[in-house]
Amino acid sequence: MENLLNPVIVAVLLLCVLCLLKVNVLLSMLVSLFVAGLIGGLPLVSSGDEVSIMSSVIAGFSGNAETALAYVLLGTFASAMAYTGITEILSKKIARAVGGNKWILIGILLVIACASQNIIPIHIAYIPILVPPLLAMMNKMKLDRRGVACTIAFGHKAPYIAVPMGFGLIFMGIIRDNINDNAKDFGWKVSVGDVTAVNWILAVAMFIGLAIALFVTYRKPREYKDVQLEGVTETEDLTLKYQHWVTLVAIVVVVALQIKFGSLPVAALGGLLVMFIFQAVKPKDIDEQFQGGIKLMGFIAFVMLVAGGFATVLKNTGAVNDLVTSAISLMGGNKWIAATIITLIGLLVTMGIGTSFGTVPVLAVLYVPLCHQMGFSPAATIVLMSAAAALGDAGSPASDTTLGPTSGLNADGQHDHIWDTCVPTFLHFNIPLMIAAIVAAQFL
């Protein structure tokens, strides 16, 4: 009974229930974090240096501040791309290449989603610009958007788990550093190569989940109404003009700066400066692009900020430590049970804070010594840590993996964030990930 009142469990369950009841995600997160804080014994506000719910929330903002700034700047970059008309040309070229074949369209979206994580690391900023013009074509195909949401989510998640480029290199670096930092006492030393060598197992599991979604669960046609979208216009002229070439150069600059500095805000700002200086965007319209960027990505940026506060509240209650400590007694030295509990706790934590990257440091302090104590090898620990962190990212209402697809697929108001993105991705990716991690950990 005591475990059921653990702030982590209460907060995540409350968050999921509120979201499933279609309460606004931001409001659901705020209510859940305050309930978690109160159950964990934190005061609402502090009278001095005392840790409180509000001080934890504000302090937690800094953890995701760079991500939030990146989203706003990338949203502005995406808005500026739309302003030049290059996205309409790209959408039209995609439509012609597809030729009414839904599998070609799904394949193209999958390649673009994967590239946005590892090759051109703009993350989810392309979605609200590229996807809405394609909705009319999807409607004609009667393509179930839940399958498209799973496709895009797979492209955003599997590459960073398995491929050491772009966001993948960042994620694997976090896994490596946190395992090494917490394994000094027993001499473990892992590299990014070690992470790459085993994480392909998780990517394969996700691919199986994607195949089930596309060929089984969401194979049947689904009807949608044709809705004229604001700002989406038809164009027959596919000639690249001056502003389009400048935009392409700006994209190259974004990629180069991301590779050089590993900072999305710096990369996005560099791309914007190229477009502004060389007047792909007219000076009088620059303000409009920033407003468009905030409209596209501002809400997601705020969700990520509050997710940082959510994570900090849970940390300051000590609930994660208590949950793991109480779970150890249930393991009884059984590696199958241990692997199951490790992944389940990872699922709970990540569902709450919505970021696999931010989950790793929270869990590694306890998980790495625990895995060593249970007799898991470094390779098995990598798989369990990676899966525990990634679990919940697909399916969490506060994750950019789910918020991104919804931002494009719901442009005409016919795609529900919870039931059409979060639930499908949760079922088709988190279950295979759990099974793969639990089984692989027994044999690595």
(request) Search all heavy atoms of Val313 against all heavy atoms of Ile53 and return the closest pair with its distance. (result) CG2-O, 4.0 Å

(message) I'd like to know if the side chain of Asn101 and the backbone of Leu105 have a donor-acceptor N/O pair within less than 3.5 Å.
(response) no

(request) Answer yes or no: is there a donor N or O on one side and an acceptor on the other, between the side chain of Asp144 and the main chain of Arg219, under 3.5 Å? (result) no

(request) Check the pair Met81, Ile251 against side-chain contact (heavy atoms from CB on, under 4.5 Å), reporting the backbone distance first and the verdict last. (result) CA-CA 9 Å; Met81 287 175 61; Ile251 292 173; 4.0 Å; yes

(request) Could you grab the distance from atom NE2 of His156 to atom OG1 of Thr402, nearest 0.5 Å is fine? (result) 11.0 Å

(request) Kindly indicate whether the side chain of Leu33, heavy atoms from C-beta on, has any atom under 4.5 Å from the side chain of Val306. (result) yes

(request) Could you tell me which non-hydrogen atom of Pro405 sits nearest to which non-hydrogen atom of Ile127, and how far apart they are? (result) N-CD1, 3.8 Å

(request) Measure across Ala203 and Ala162 and return the closest heavy-atom pair with its distance rounded to 0.1 Å. (result) CB-CB, 3.7 Å

(message) If we check side chain to side chain contact (heavy atoms under 4.5 Å, CB included) with Val98, which of these qualifies: Ile106, Leu134, Ile108?
(response) Ile108

(message) Within the structure provided, determine whether Pro378 and Asp194 are in side-chain contact (heavy-atom separation under 4.5 Å).
(response) no

(request) Taking the side chain as every heavy atom from C-beta outward, state whether Val439 and Trp336 have any pair of such atoms under 4.5 Å apart. (result) yes

(request) Of all the heavy-atom pairs spanning Ile39 and Pro7, show the shortest one and how long it is. (result) CG2-CG, 4.0 Å

(request) For the pair Tyr224 (side chain) and Arg145 (backbone), establish whether a donor and an acceptor sit closer than 3.5 Å, ignoring hydrogens and angles. (result) yes

(message) Tell me if a side-chain donor or acceptor on Ser377 pairs with a main-chain N or O of Leu444 at a distance below 3.5 Å.
(response) yes

(request) Answer whether the closest heavy-atom distance between the side chains of Val368 and Asn178 falls below 4.5 Å. (result) no

(request) Would you list the pairs meeting side-chain hydrogen bond (donor to acceptor under 3.5 Å, both in side chains) in which at least one residue belongs to residues 158-170, sequence neighbours left out? (result) Tyr160-Ser356, Tyr160-Asp393

(request) Check Met172, Met385, Arg176 against Val190 for a side chain to side chain contact (heavy atoms under 4.5 Å, CB included) and give me the one that passes. (result) Arg176

(message) side-chain contact (heavy atoms from CB on, under 4.5 Å), that's the test. Do Thr381 and His372 meet it? Break it down for me.
(response) CA-CA 8 Å; Thr381 303; His372 178 262; over 6 Å; no

(message) As an exercise, state the distance from CD1 of Ile175 to OG of Ser386, rounded to the nearest 0.5 Å.
(response) 4.0 Å

(request) With rounding to the nearest 0.5 Å, note down the distance linking CZ in Phe290 to CZ in Phe77. (result) 12.0 Å

(message) Restricting to salt bridge (charged side-chain N to carboxylate O under 4.0 Å, His left out), what partner residues turn up for Lys142, sequence neighbours left out?
(response) Glu223

(message) Quick check against the 3.5 Å criterion: does Ser55 have a side-chain atom that pairs as donor or acceptor with the backbone of Val51?
(response) no

(message) Measuring from atom CD1 of Ile438 to atom CD1 of Ile341, what distance do you get when rounded to the nearest 0.5 angstrom?
(response) 10.0 Å

(message) Any side-chain to backbone donor/acceptor pair from Asn180 onto Asp177? Under 3.5 Å, distance only.
(response) no

(message) Looking at every non-hydrogen atom in both residues, tell me the closest pair between Pro159 and Cys114 and how far apart they are.
(response) CG-SG, 3.7 Å

(message) Taking the side chain as everything from C-beta on, heavy atoms only, tell me whether Ile342 gets closer than 4.5 Å to Cys371.
(response) yes

(request) Measure the CG-CG distance between Asp412 and Asn410 for me, rounded to the nearest 0.5 Å. (result) 7.0 Å

(message) Do Pro432 and Ile208 make a side-chain contact, defined as non-hydrogen atoms from C-beta onward lying under 4.5 Å apart?
(response) no

(message) Taking CZ in Phe34 as the centre, count heavy atoms belonging to other residues, nucleotides or ligands within less than 6.0 Å. Is the count above 12?
(response) yes

(request) Please name the pair of heavy atoms, one in Lys335 and one in Gly375, separated by the smallest distance, quoted to 0.1 Å. (result) NZ-O, 3.5 Å

(request) Would you mind listing every side-chain hydrogen bond (donor to acceptor under 3.5 Å, both in side chains) that reaches into residues 417-427, with sequence neighbours excluded? (result) Thr406-His417, Thr406-Thr421, His415-Thr421

(message) Taking the six-membered ring for Trp, are Phe215 and Trp103 closer than 6.0 Å centroid to centroid?
(response) yes

(request) Working to the nearest 0.5 Å, report the span between CG of Leu169 and CD of Gln117. (result) 13.5 Å

(message) Any heavy-atom pair between the side chains of Met434 and Phe429 that's under 4.5 Å?
(response) no

(message) For a 4.5 angstrom cut-off between non-hydrogen side-chain atoms, does His428 reach Leu210?
(response) no

